[in-house]
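Everything below concerns the one structure shown next.
In each ligand, atom 1 is the first atom listed, and ligand 1 is the first ligand listed.
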Amino acid sequence: MDVSGKFISGIVPPAERTGPAWWFGFQGSRLLVYQGSDSVSIPCLVDFSELGLTALSQHYLGHLDGRDCYAVELAEGTVLPPGMSLEGLRQIYGRLDETLFWVATRAVQIVDWDRTHLFCGRCATPLRTKTTERAKECPICGQLHFPRLAPAIIVLVERGDELLLARSRHFLSGMYSVLAGFVEPGESLEEAVVREVKEEVGIDVKDIKYFGSQPWPFPHSLMIGFTATYAGGEITLDDSEIEDAGWFTADNLPPIPGKISIARKLIDWFVEKQKKLPKRCNVTQ
Ligand SMILES: [Zn+2]
């Protein structure tokens with residue numbers, strides 16, 4: 001089913017459910033889906049119990065085209081109804097309706113936060129979920145606990161008709177991508193860009209420009225994308241998570257990340273820009 005329209009976030013569920021709602025069921029970080037031949041879908045029911053499954057917790061997320069959305073957590077070892085399975089979000093990108101996919105990335109983070117924030121980090125008292133905002137409150141010391149969100153910068157560095165790509169030790173075999181790293185406390189996003197590029201490959205950048213952002217729920221990052229221009233230095237990989245890095249032209253790219261990622265959107269932006277430029281003449285012509 002194609003879902004158009006906009007998701008509106010909400011905290012307080014309707015007093016009474018009158019129509020079907022979308023149910024984002026998770027066991028760990030895997031989503032409960034109906035398997036189709038080349039696509040998957042998620043349950044659209046008045047109540048989750050219609051599936052014959054028990055939810056450990058239930059969270060109202062908001063509504064999509066007026067249809068309520070809920071995240072629920074399933075117990076480990078739950079026996080699934082026929083035709084249903086549990087799938088990792090990365091694995092179903094492109095097979096689940098895109099709007100529902102991005103609501104699912106919200107849902108998984110709320111379920112994960114709820115599961116991992118049971119006690120106050122200051123005084124160890126069991127926490128109480130607030131009903132008016134997405135937060136938990138300690139009934140003894142009053143400390144508030146919000147869903148975790150880890151901002152990370154991701155940056156495409158250009159040098160003439162080349163872009164900088166690097167290989168992390170954790171990447172799939174052969175794959176290269178643009179550089180990324182978590183923002184440190186007290187740091188601006190631009191400072192994080194300069195530091196990460198310097199730390200990871202030893203080069204300096206300038207002309208840092210905002211590109212766009214993307215939630216990245218693996219498990220709770222927010223990727224903030226930038227473009228930057230090479231300003232000096234040679235690629236060096238001392239003490240780095242990076243095992244290889246280099247300058248590539250748009251017509252000679254190594255394997256790169258899939259369409260789900262902002263990394264790919266940055267690389268596609270660079271490639272499109274290069275296509276529109278007049279062809280440079282080879283010196284032998
Ligand atoms: Zn406390």
Side-chain angles (χ1 to χ4, degrees), residues 7-17 21-32 42-43 47-49 51 53-64 68-78 86 88-90 101-154 170 180-192 195-196 199 213-224 241:
F7 175 76
I8 311 289
S9 180
I11 306 289
V12 184
E16 197 178 335
R17 266 198 306 282
W22 294 111
W23 295 91
F24 298 84
F26 286 94
Q27 189 184 84
S29 58
R30 293 185 303 154
L31 177 65
L32 179 69
I42 64 163
D47 200 273
F48 188 70
S49 63
L51 290 171
L53 300 175
T54 307
L56 294 178
S57 64
Q58 178 173 313
H59 311 271
Y60 182 67
L61 299 170
H63 55 90
L64 182 61
D68 292 316
C69 300
Y70 292 85
V72 296
E73 184 180 10
L74 298 167
E76 286 295 324
T78 298
L86 294 161
L89 289 179
R90 284 186 214 230
F101 176 86
W102 290 109
V103 180
T105 70
R106 293 171 178 255
V108 69
Q109 294 184 77
I110 299 304
V111 168
D112 181 67
W113 165 70
D114 181 61
R115 186 198 299 130
T116 56
H117 289 72
L118 301 177
F119 301 94
C120 177
R122 183 192 276 171
C123 74
T125 305
L127 294 174
R128 220 161 35 201
T129 301
K130 293 200 79 175
T131 53
T132 51
E133 60 179 329
R134 189 79 69 198
K136 294 191 182 193
E137 186 173 32
C138 176
I140 301 297
C141 76
Q143 176 87 18
L144 288 172
H145 301 260
F146 297 97
R148 278 177 78 185
L149 207 48
I153 60 88
I154 182 161
H170 315 296
F182 289 110
V183 181
E184 293 183 351
E187 195 173 48
S188 74
L189 297 172
E190 291 81 0
E191 286 167 340
R195 176 185 53 76
E196 275 293 332
E199 276 178 9
S213 67
Q214 181 186 57
W216 192 244
F218 309 108
H220 45 242
S221 297
L222 172 64
M223 307 302 294
I224 304 132
E241 278 290 292

Is a side-chain donor or acceptor of R134 paired with a backbone partner of G10 at a separation under 3.5 angstrom?
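Such a contact is found between R134 side chain and G10 backbone.
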Side chain of Q27, backbone of A75: donor and acceptor closer than 3.5 Å?
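Pair found, side chain donor or acceptor close to backbone of A75.
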Between F48 and W23, how do the two ring planes meet: parallel, tilted or perpendicular, split at 30° and 60°?
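Because their plane-to-plane angle lies in the 30° to 60° range, the rings of F48 and W23 count as tilted.
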Relative to the ring of H117, is the ring of W113 parallel (under 30°), tilted (30 to 60°) or perpendicular (over 60°)?
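Aromatic pair W113/H117 classed tilted.
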Do we get R90 above F218's six-membered ring, with its NZ or CZ under 6.0 Å from the centre and within 45° of the axis?
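Yes, cation above the ring, under 6.0 Å and within 45°.
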Hey, which protein N/O/S atoms does the Zn ion (ligand 1) have under 2.8 Å?
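Listed by chain and number, the atoms are C120 SG, C123 SG, C138 SG, C141 SG.
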Return each pair, listed once, that meets salt bridge (charged side-chain N to carboxylate O under 4.0 Å, His left out) where at least one residue sits in residues 121-131; pairs must be two or more places apart or across chains.
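As it turns out, the salt bridge (charged side-chain N to carboxylate O under 4.0 Å, His left out) pairs with a partner in residues 121-131, which skip direct neighbours, are K130-E133.
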